[in-house]
Amino acid sequence: METLPLVLTELMALAALAGGIALLIARRNRTVSEGREQAMLETLHLANHTLPYLRHGLTPHTAEQTVKLIYDCLRPSAVALVGNGMILAFVGAGSDHHRPGAQTLTQVTREVLRTGRPIVAPDVKAIGCNHPNCPLQSAVVVPLRVRGRTVGCLKVYYDSAQALTPTRIRIADSLARLMSIQMELAELDRHTERLARAELAALQAQISPHFIYNTLNTIAAFIRTNPEQAHELLVEFADFTRRAFKRRGEFASLADELEYVHQYLTLEKARYGDRLEVVYRVDPEVLPVSVPVLVLQPLVENAIRHGISRKVGPGRVVITAEDRGNEVLITVSDNGVGMTPEQVKQVLNSEPRQRSGLGLANVSERLKGIYGPERGLEVESAPGQGTQVRFVIPKFHAGVAVARL
Amino acid sequence: MAEGAERPTGDWQPTELALELADTAGEIEAYLAELGRFWAEEEQALIQEVAEQTTYGAILLEDLIRRQLRLGLGVAALFIGGLFSLPIAYLFMPELMGLRLFGLPLGWLIPAAIIYPFVWALAWFYAHRARRYEEEFRELLR
Amino acid sequence: MLTPGGIHWLSLLTFFGVAVAAVGVGLYTTRVVRTTSDYFVASRMVSPVLNASAIAGEYLSAASFMGVAAMVMAFGYDVLWYPVGYAAGYLFLLLFVAAPLRRFGAYTIPDFAEGRFDSPTFRRVVVIFVLIVGIFYMLPQMKGAGLTFNVLTGAPYWVGVVVVGGVITLNVALGGMKGITYVQAFQFWVKLFALTLLGLGVMTVAGWYGHHFERVSGPEPLRFPEAKVVAHQAGTVLRLPEAARVRALDPVAVEFPGGELRQIPAGTAFTLPPGQSRIVAGGRLEYQAGSAVPNAPAGESWAKPFGPFTSGLGYPLIFTYSLMIATVLGTAGLPHILVRFYTNKDGEAARQTTIIVVGLIGLFYLFPPLIGTLGRSLVPELYASGETERLLLAVPSAVGPEWLSRLLEAVVAAGAFSAFMSTTSGLMVAVAGALAHDIYTRTLRPRASSRARRLAFQASAILAGLIAIVAGIQVERFAINMLVGWAFAISAASFFPLLTLGIWWKGLTLPGAMAGTVIGGISASVAILAAMWLAPLDLGASESLLWTLLAQPAIWAIPIAFGTMVSVSRLTRDRVPLDINLKMLRMHVPEQLGLRTEYIRE
């Protein structure tokens with residue numbers, strides 16, 4: 001064995017080892033700019049951490065948490081938060097006589113609340129504290145404004161005039177702005193909630209009115225005969241609608257769609273009782289696949305409404321999801337009344353109804369629109385022989401979002 | 001829009017904006033449209049943020065990617081370095097390679113048995129660290 | 001033939017029995033376990049442990065099951081890099097590919113290629129390499145099948161290839177993916193059980209690993225512990241380090257070192273001198289207890305690195321390291337492996353699954369070196385007849401009571417079929433999928449109905465099977481692990497750079513990726529084909545840097561692929577995809593963030 005190549009290889013191996021260890025335990029050097037960035041990060045951290053409190057409004061409790069955070073971060077002499085008529089919280093030097101709950105506000109504070117503009121108090125007299133031994137010598141008072149209204153102010157105190165540097169003044173100002181933004185977001189939250197409730201109303205046009213009507217009637221019927229069942233159904237129904245309007249994107253995992261279908265079926269089964277049997281045959285390997293939302297449930301609803309409800313006797317719906325390698329085959333079959341070939345054609349080619357996206361034609365169009373013209377629904381049916389609706393979608397398709405479970 | 005009454009305690013609560021629930025088809029459509037706009041804007045904003053590469057989230061993401069890549073390379077280098085050293089160790093440390101354990105020489109035992117738990121330990125270490133980086137990422141974004 | 005001639009009925013039964021059992025498992029899981037009116041059962045995802053068992057099952061092929069042990073017996077220490085590389089391959093998969101690829105949502109590598117670069121063209125290019133790697137990897141399975149069937153029934157090699165290949169092809173074409181996770185997991189445990197039973201069973205009867213190892217790795221030449229009969233074919237070369245005392249049971253003609261040719265009548269005892277003799281007219285020779293074993297590598301070089309396997313072509317260092325690189329980096333690109341990751345719920349589950357796979361595989365690979373050592377010690381006659389590849393089926397015959405022998409052989413036969421079936425099915429599904437989905441459906445006939453698609457898949461499976469069978473018949477002379485090593489080298493050169501750079505480097509452009517994949521894949525493929533067909537038949541005969549580099553191309557093909565990708569991407573900097581940040585987001589943003597990453601491309 002020649003030694004030179006051996007030695008070279010050994011050196012390479014040792015270099016790799018050393019490199020690996022170095023990569024794994026290296027800590028970045030603390031340079032000056034690192035320090036500054038670190039400080040910036042901490043400040044941003046502070047801003048982020050005050051957020052959760054202020055989203056609940058400015059109360060003595062949230063104010064107390066907030067001033068503590070600010071105090072720990074900025075390390076001034078004292079910090080205070082003032083609401084619309086009194087001090088909400090105070091921490092730091094001079095807390096013996098600057099008490100939360102006190103209704104008397106200093107001249108400075110009242111000025112800030114009135115004008116909505118920040119004021120710097122460079123000496124004791126400007127601060128307006130009458131206590132003889134108050135250690136607080138300078139302060140900056142900044143307003144908290146929500147959509148044009150001043151709802152409070154932030155006061156940062158220092159123990160000398162020199163300690164109140166321009167930078168510190170600007171920090172306090174920026175902090176107050178951030179807090180104001182947070183409070184505006186809290187209002188937006190409420191706004192969004194309301195909009196969401198409006199969306200529910202809108203969604204009623206998307207969920208078939210029949211379904212809502214029937215379900216609520218069923219629940220009403222149960223209230224007298226079986227209140228527990230009624231309660232469960234109500235909860236289920238609420239969950240169902242919550243899910244329905246939580247769905248904002250265009251794609252979900254098959255698992256999610258199945259969950260939606262399951263909730264829908266729970267409600268339908270309450271109505272049909274023993275007349276409805278549902279069988280699932282799902283390959284777990286395809287549960288993570290991204291499918292367009294609201295494609296499965298309409299098929300199931302269709303199977304029940306047109307197939308089973310018109311049939312005499314018990315009905316059976318079979319939902320399958322088959323792993324086909326690169327693709328997934330999804331079928332919904334029922335042993336209901338079936339359709340004639342003309343009816344099949346009509347169902348697939350009819351004008352998609354305007355607002356409701358639930359017709360088979362609509363689902364088929366959506367599938368074709370996303371995956372291509374050959375991927376629409378295939379329907380097999382014969383009168384008295386039940387119906388099978390199926391479609392095949394690829395597991396991966398460019399442009400289809402990956403659903404996060 | 002009704003404003004919440006301001007209580008004398010000085011508390012501030014976010015106000016409720018009252019919206020009438022629509023009951024005609026036309027108003028439903030209007031709300032749907034508004035909703036669509038609202039979410040489209042949010043989506044746009046997110047895409048904008050990421051594309052600009054200058055925001056907090058994007059910078060953090062790049063940092064996360066870099067850290068995980070460094071971690072992967074480090075573990076890989078560790079493994080390769082160890083593996084490549086093995087044949088050569090025979091020439092530089094023959095006595096060590098000949099050390100008998102369970103009747104088998106160490107030099108044989110390493111690739112035939114011991115290396116497997118070692119590889120597994122490296123895998124576990126990587127996953128553990130990678131998860132920690134991801135948690136830190138999540139924390140900073142919350 | 002070494003083992004008693006005729007048909008080994010019990011083993012044949014278990015051989016095909018395990019196939020029936022596997023199909024049964026598939027049918028059972030789809031009919032009974034998965035058909036349910038209980039939604040909560042239906043919606044349960046595949047757990048990481050189950051998925052890991054399935055991946056390990058699909059991954060451990062004939063090479064791992066029988067090839068490694070056989071090569072350890074034949075060549076010793078150097079072969080250990082193969083299983084280490086196979087296991088480490090999963091480590092590399094974990095480090096660079098598992099989680100991000102799962103988050104990306106790509107099912108196959110062509111999916112990733114298309115999605116990452118928005119290029120259906122590139123997709124087609126990658127599909128070609130998927131087909132190359134897939135077919136190449138099926139060849140060693142066919143080899144193993146032919147070999148095993150030959151041992152169990154005495155039928156010629158090609159019959160085994162046709163029979164086993166046909167059975168598997170039919171199963172894939174008719175059943176496809178039925179319950180595939182459970183089937184593969186089942187087959188993993190069958191293989192593990194077979195190997196552990198064999199190893200532990202033989203040790204119980206014949207003594208501890210360490211004792212055998214010590215006996216066969218010393219400076220003394222390897223000698224027969226007891227008298228053994230070996231049937232020699234005409235043309236066999238016998239290399240002896242010292243004289244061997246033999247008795248001819250059939251009339252034979254032997255050419256001694258020095259050229260002297262002697263006709264030896266049946267029943268005569270004679271001595272084979274040290275050096276190289278050749279059997280001119282074949283027949284059975286009985287080697288006396290204590291005689292040297294012909295063609296056995298010397299103990300000390302067998303037990304140490306840079307032994308006969310890598311030194312054959314004169315550049316053991318390069319051979320060794322190139323081999324290591326190929327096996328470690330090639331795993332990530334195997335077409336049937338990556339698709340299993342899609343089954344996971346998310347990136348974190350993908351990581352967990354990979355770790356479990358590393359554990360399962362590591363456990364499995366404890367046994368082949370053991371069995372190789374036992375083989376060297378207990379059935380050294382395999383060296384004499386040049387049939388070390390049959391090791392796994394020969395070892396059972398070397399242990400005590402006949403019932404145990406038969407039982408072990410039957411168990412090994414079952415494990416062997418599991419090995420062929422699991423990997424070949426997985427590969428065939430991947431190859432057929434690529435043919436049906438990518439070539440037929442997307443390129444030729446996009447308007448196919450779902451029935452037509454199914455037919456296309458079945459036809460593709462049959463086509464893939466036919467190619468595998470025909471090619472499999474041609475590769476009888478190559479060692480199983482060599483063939484596998486080649487499949488890995490092509491995979492490593494074409495796919496590993498694509499995956500790693502595509503996932504971790506924003507700057508990779510379409511031209512860069514395409515150039516690198518093509519150059520890496522083609523250079524590795526050409527080199528290997530050249531080595532297969534043009535290299536000197538007896539690879540130990542000549543020293544050559546060229547042949548070394550051709551036989552183990554990973555060490556130069558992979559850097560070339562990387563280099564090409566990087567330099568071409570740099571040159572085409574303007575062609576970085578516009579939404580590259582979104583793509584990075586998609587791959588790297590951790591789960592449970594609540595960050596909506598949905599987007600729709602117009």
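Order of the sequence lines fixes the chain letters, A, B, ..., with proteins taken first and strands second; residue numbering starts at 1 for each chain.
Using a 4.5 Å heavy-atom threshold, the side chains of E62(B) and I65(B) count as separate. Side-chain atoms of I70(A) and L154(A), non-hydrogen and from C-beta on, do get closer than 4.5 Å to each other. For the pair R366(A)/L294(A), a side-chain contact is recorded, criterion being any heavy-atom separation below 4.5 Å from C-beta on. T59(A) is not listed as a side-chain neighbour of Q65(A), based on a closest heavy-atom distance of 4.5 Å or more.
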Only pairs under 3.5 Å count here: list side-chain donor-acceptor contacts from residues 108-117 of chain B, not counting sequence neighbours, and write none if there are none.
from	atom 1	to	atom 2	distance (Å)
W108(B)	NE1	Y209(C)	OH	3.1
Y116(B)	OH	V84(C)	N	3.4

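Every residue two or more places apart in sequence or in another chain that forms a salt bridge (Lys or Arg N to Asp or Glu O under 4.0 Å) with E134(B) is listed here: R103(C), R351(C).
Contacts with chain A (heavy atom to heavy atom, under 4.5 Å) involve these residues of residues 71-81 of chain B, listed by number: L71(B), L73(B), G74(B), V75(B), A77(B), L78(B), G81(B). Within residues 94-104 of chain B, no residue has any heavy atom under 4.5 Å from a heavy atom of chain A.
Under the side-chain contact (heavy atoms from CB on, under 4.5 Å) test applied with L81(A), the options T62(A), V91(A), L144(A) reduce to a single match, L144(A). P118(A) pairs with exactly one of V141(A), V112(A), V142(A) by the side-chain contact (heavy atoms from CB on, under 4.5 Å) rule, that one being V142(A).
Between R132(B) and E136(B) there is a salt bridge, with a side-chain nitrogen of the basic residue lying less than 4.0 Å from a carboxylate oxygen of the acidic one.
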